[in-house]
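Since the structure comes first, as structure tokens, the remarks are kept for the end.
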Amino acid sequence: MQSYKKFEDTIAAISTPIGIGSISAVRISGEKAIKITERIFKARDGTSLYDVKGYHAKLGRVFDGKKPIDEAVVLIFKAPKSYTGEDIAEIFCHGNVFLIKQVLRLAINNGARLANPGEFTKRAFLNGKISLEKAEAITDLISSNYKTALDASFSVFEGKLGEKIKEIKEKFIDILSELNARIDYPDEDISDLDVVNMKNKIKLANSEILKLINSYSKGQVIKNGVKTAIIGPPNTGKSTLMNLLSGYQRAIVSDIPGTTRDTINESIVLGDLNLVLTDTAGIRETNEKIEKIGISRAIDMAKTSEIILLVLDSSKEISKEEIELLNLFKKDKVLIILNKSDLKETICIDEIKKYSYEIVKISAKTGSGIENLKEKIYKLVGFAPSDTESLIMINERHLDILNRSLKLSDDAEKLLKNEPLDMTSEIITNILEILTEFTGENINEEVVNMIFSKFCVGK
Ligand SMILES: Nc1nc2c(ncn2[C@@H]2O[C@H](COP(=O)(O)OP(=O)(O)OP(=O)(O)O)[C@@H](O)[C@H]2O)c(=O)[nH]1
Ligand SMILES: [Mg+2]
């Protein structure tokens, strides 16, 4: 049976975005939630909120003293059947910023305290309503800018990562019990430890941990997008490509070389992959002051990007400057785009092939070759569309837990010999303790506070 904590304060916050909308909500949670709401809200049918059952709503009016300020719906949740495990009243008003702030102020004047960031979810965690990794998945979910990141955090929220960790823990428990049987009952008639078999079991658990750790870099890619610079000489069609990928006329396109001066950013979705694109000034020798600044920005951008799309004009012969560009960057982050494939090909492809970059032919003007481009970008990033279907870790704390576990588990595997088994047993016990940090069962208060401080107010 879950025991529920009694928090002294009843907390309140605006739970909907601050802005104009059809409704806004104030959430009040704690022992006095209903008492406070009863002071500022009167149901139209005269029912006292104390008599309203959990999961039931009442239509009525919110009062500032004797003055009604808005018509509202109050939704009641009764402890322990609520998000926090406490009594909760949610007041739904019309979506006006001043109005909802006034309702919050009324709740506070009548005995609630303003909730800290993440405090509702923190109470839910401390009341055993959700595990820590699920609480974290809620922040990841709310802050996801991309659909794939949203899917990944939702699968953590649904408990998929928790299940995987449980499986790994069971593997270690199995190993530990075999070791401990021999340590605790040395005189009993138990067969000698099969060291090779035991090492294999540890290796298997290791490989499961490693799989999750490896998914983290993919998690970062889908969470933050891949920083991608579009660079190349002037007039090769960089801005045209930027516009094609963005789906609208983001950058100015013209046949005058040197059109783009500054860097231009746009986040785009390419199939299942998110790219943070930067279109840059065409690189060439120039004495023009502003253009020079733009070119140096382009080079800086290329250096700090994860991948570079180097756009060349395939209808022209390759220039000395282009050859210099080909020498400038690391091979594994560059994709050569031979643009203007709708025109007659003049560029000497063999010359470019010498540099052993990946090459793709497209026409940014007609859109031909885009599917090919997408595949080459996936390849360059090391991303497969099916990746989004497997379990992906996106949270840094989870990564840290798994890294620490993996290190110990490696040690355990190396250390394991026939005798003595005590050391290995101790290490495995440690791993199990570390893995428990996932759900937050044995985690200290400071860490809990740090995790919830990253939440937004009202969640
Ligand atoms: N035929 C053809 N023309 C293209 C293609 N892509 C771009 N262009 C034309 O090439 C010219 C230059 O295009 P931009 O996209 O402005 O080139 P840019 O590389 O951004 O040029 P700067 O900003 O000056 O560095 C424009 O007239 C475009 O219409 C293409 O695939 N085929
Ligand atoms: Mg341009």
Side-chain angles (χ1 to χ4, degrees), residues 226-268 270 275-305 307-329 333-349 351-352 355 357-377 380:
V226 183
K227 243 182 123 190
T228 307
I230 306 178
I231 67 159
N235 235 8
T236 55
K238 299 179 296 300
S239 300
T240 310
L241 177 64
M242 171 78 159
N243 293 347
L244 178 75
L245 294 173
S246 317
Y248 74 109
Q249 297 303 307
R250 176 68 182 89
I252 301 172
V253 166
S254 89
D255 56 2
I256 304 163
T259 303
T260 308
R261 295 293 184 96
D262 213 341
T263 48
I264 300 173
N265 298 315
E266 188 68 31
S267 289
I268 66 138
L270 194 68
L275 303 182
V276 184
L277 283 182
T278 306
D279 180 21
T280 62
I283 298 169
R284 65 173 167 184
E285 282 295 331
T286 175
N287 288 322
E288 217 276 324
K289 204 170 149 196
I290 309 289
E291 196 180 358
K292 259 190 164 163
I293 299 171
I295 292 170
S296 93
R297 281 188 184 184
I299 306 246
D300 286 347
M301 190 51 68
K303 283 184 178 152
T304 57
S305 285
I307 61 169
I308 298 169
L309 306 182
L310 178 49
V311 185
L312 304 178
D313 184 342
S314 64
S315 69
K316 287 199 176 128
E317 278 178 29
I318 193 158
S319 69
K320 203 175 103 253
E321 282 163 351
E322 283 169 334
I323 292 183
E324 274 171 25
L325 269 182
L326 288 169
N327 279 315
L328 210 54
F329 305 107
K333 70 181 232 178
V334 181
L335 176 61
I336 304 282
I337 297 182
L338 298 181
N339 190 32
K340 309 198 185 181
S341 65
D342 53 301
L343 302 178
K344 187 174 175 297
E345 187 176 291
T346 311
I347 202 163
C348 175
I349 297 190
E351 178 71 23
I352 298 167
Y355 296 88
Y357 290 111
E358 280 287 340
I359 300 173
V360 62
K361 290 182 190 177
I362 67 159
S363 165
K365 195 172 188 175
T366 66
S368 94
I370 281 298
E371 275 307 311
N372 228 342
L373 171 68
K374 193 161 94 183
E375 270 163 34
K376 295 266 183 187
I377 291 178
L380 198 63

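Heavy atoms only: backbone and side chains are in, while hydrogens, waters and symmetry mates are out. Numbering of ligands and ligand atoms starts at 1, following listing order.
Taken from CD in E266 to CG in D279, the straight-line distance is 11.0 Å, to the nearest 0.5 Å. Taking OH of Y355 as the reference point, atom CD1 of I336 lies at 10.0 Å (rounded to 0.5 Å).
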Could you walk me through whether S254 and T259 satisfy the side chain to side chain donor-acceptor pair (under 3.5 Å) test, starting with their C-alpha distance in whole Å, then the side-chain angles of each, then the deciding distance to 0.1 Å, before giving a yes or no? CA-CA 6 Å; S254 89; T259 303; 2.7 Å; yes
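Scanning the protein heavy atoms around atom 26 (C) of ligand 1, the nearest turns out to be S254 O, 3.6 Å. Looking only at protein heavy atoms, the nearest one to atom 29 (O) of ligand 1 is V253 CG1, 3.9 Å. Among protein heavy atoms, the minimum distance from atom 7 (C) of ligand 1 is reached at T240 OG1, 3.2 Å. The closest protein non-hydrogen atom to atom 8 (N) of ligand 1 is K340 CE, 3.7 Å.
Less than 4.0 angstrom separates some heavy atom of K238 from each of these atoms of ligand 1: 15 (O), 17 (O), 18 (P), 19 (O), 20 (O), 21 (O), 22 (P), 25 (O). Those atoms of ligand 1 with a heavy atom of D255 less than 4.0 angstrom away are 27 (O). Atoms of ligand 1 found under 4.0 Å from any heavy atom of I256, numbered from 1 in the order shown, are 24 (O). Each of the following atoms of ligand 1 lies closer than 4.0 Å to a heavy atom of G258: 24 (O). Atoms of ligand 1 found under 4.0 Å from any heavy atom of G282, numbered from 1 in the order shown, are 25 (O). Under a 4.0 Å criterion applied to the non-hydrogen atoms of L343, ligand 1 contributes the atoms 1 (N).
Of all the heavy atoms of N235, the ones lying under 4.0 Å from any atom of ligand 1 are found in both the backbone and the side chain. Counting heavy atoms closer than 4.0 Å to ligand 1, residue V311 contributes nothing at all. The backbone of P257, and not its side chain, has at least one atom closer than 4.0 Å to an atom of ligand 1 (non-hydrogen atoms only; backbone = N, CA, C, O). Heavy atoms of T259 found under 4.0 angstrom from ligand 1 belong to the backbone as well as the side chain.
Enclosure of atom NZ in K361 is not indicated, since only 12 or fewer non-hydrogen atoms of other residues, nucleotides or ligands lie within 6.0 angstrom.
For the pair D279 and ligand 1, the shortest N or O to N or O distance does not fall below 3.5 Å.
Taking each of M242, R261, R284, K365 in turn, the one with a heavy atom nearest to atom 3 (N) of ligand 1 proves to be K365. When D342, D313, L244 are checked for heavy-atom proximity to atom 1 (N) of ligand 1, D342 turns out nearest.
For the pair T240 and V311, the minimum side-chain heavy-atom distance is 4.5 Å or more.
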